[in-house]
Amino acid sequence: MPNDTLEKLDQILNERKSASPDSSYVAKLYHKGQNTILKKVAEEAGETIIASKENNAQQIIYETADLWFHTLVMLSHHGLQSEDVLKELERRFGLSGLEEKAQRKE
């Protein structure tokens with residue numbers, strides 16, 4: 001199940017916050033701080049866009065996985081989890097995109 005995967009990732013990412021930067025890639029990202037994490041999110045977003053423009057399905061999947069992963073690291077950095085985003089997506093069911101956008105401006 002996808003949510004099981006997200007829950008496992010949330011747990012691992014949270015555990016890595018207190019780990020030594022030498023012990024894992026994620027611990028090193030946390031140690032380097034938000035700017036490094038955000039640079040990775042931006043880098044992966046760019047690579048996802050390029051894969052899409054090249055119409056390469058396998059590369060799109062690969063780069064999207066990297067983008068999602070680094071976005072989860074960013075969320076965890078802020079004390080948030082995938083469940084927080086899933087709840088927001090659920091909240092939007094039944095709303096048109098225009099209605100949702102109008103609500104944000106209120």
Side-chain angles (χ1 to χ4, degrees):
M1 271 215 90
N3 286 358
D4 290 343
T5 300
L6 290 174
E7 287 175 21
K8 288 176 191 174
L9 278 169
D10 284 337
Q11 181 180 354
I12 290 168
L13 293 176
N14 199 40
E15 289 169 1
R16 300 283 160 84
K17 282 181 171 182
S18 58
S20 164
D22 297 330
S23 67
S24 78
Y25 170 73
V26 172
K28 188 177 289 189
L29 282 176
Y30 287 133
H31 180 75
K32 288 183 176 183
Q34 179 171 256
N35 285 345
T36 298
I37 294 167
L38 295 177
K39 285 177 187 175
K40 286 302 295 180
V41 171
E43 175 188 325
E44 299 305 342
E47 290 174 359
T48 302
I49 291 167
I50 291 167
S52 180
K53 287 184 72 72
E54 292 175 351
N55 202 26
N56 181 332
Q58 201 55 38
Q59 201 62 26
I60 292 168
I61 292 167
Y62 182 86
E63 296 300 344
T64 300
D66 280 352
L67 176 58
W68 286 11
F69 177 80
H70 287 88
T71 301
L72 289 171
V73 173
M74 179 200 61
L75 288 169
S76 180
H77 172 77
H78 290 286
L80 302 169
Q81 295 186 341
S82 60
E83 183 64 24
D84 299 311
V85 177
L86 293 173
K87 285 178 184 175
E88 174 59 19
L89 290 171
E90 257 180 55
R91 183 191 70 78
R92 295 180 187 187
F93 275 115
L95 288 179
S96 76
L98 297 175
E99 288 173 318
E100 193 282 325
K101 194 168 187 175
Q103 285 181 359
R104 284 189 268 159
K105 291 182 180 181
E106 295 175 0

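Computation of the quantities below employed the complete heavy-atom set of this structure, encompassing side-chain atoms and omitting hydrogens, waters and symmetry-equivalent molecules. These numbers were taken from a predicted model, which means no experiment stands behind them.
Residues that satisfy the side-chain contact (heavy atoms from CB on, under 4.5 Å) test with S23, not counting sequence neighbours, are A19, S20, A27.
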- prompt: Are V26 and I12 close enough, and set up right, to give a side-chain contact (heavy atoms from CB on, under 4.5 Å), and what steps lead you there?
  reply: CA-CA 9 Å; V26 172; I12 290 168; over 6 Å; no
side-chain contact (heavy atoms from CB on, under 4.5 Å) assessment of E7 paired with Q81: CA-CA 8 Å; E7 287 175 21; Q81 295 186 341; over 6 Å; no
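The salt bridge (charged side-chain N to carboxylate O under 4.0 Å, His left out) contacts involving residues 20-41 comprise K40-E43, K40-E44, where partners must be two or more places apart or lie in separate chains.
Distance check: E47 CD to I49 CD1 gives 10.5 Å after rounding to the nearest 0.5 Å.
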Check: residues 67-77 side-chain donor-acceptor pairs under 3.5 Å, at least two apart:
| from | atom 1 | to | atom 2 | distance (Å) |
| --- | --- | --- | --- | --- |
| H70 | ND1 | D66 | O | 2.8 |
| H70 | NE2 | Y25 | OH | 2.9 |
| T71 | OG1 | L67 | O | 2.8 |
| S76 | OG | Y30 | OH | 2.9 |

Show me, pair by pair, the donor-acceptor contacts under 3.5 angstrom made by side chains of residues 54-63, not counting sequence neighbours?
| from | atom 1 | to | atom 2 | distance (Å) |
| --- | --- | --- | --- | --- |
| N56 | OD1 | Q58 | N | 3.3 |
| N56 | OD1 | Q59 | N | 3.1 |
| Q59 | NE2 | E63 | OE2 | 3.0 |

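Side-chain contact between N14 and K17 is present, with heavy atoms from C-beta onward closer than 4.5 Å.
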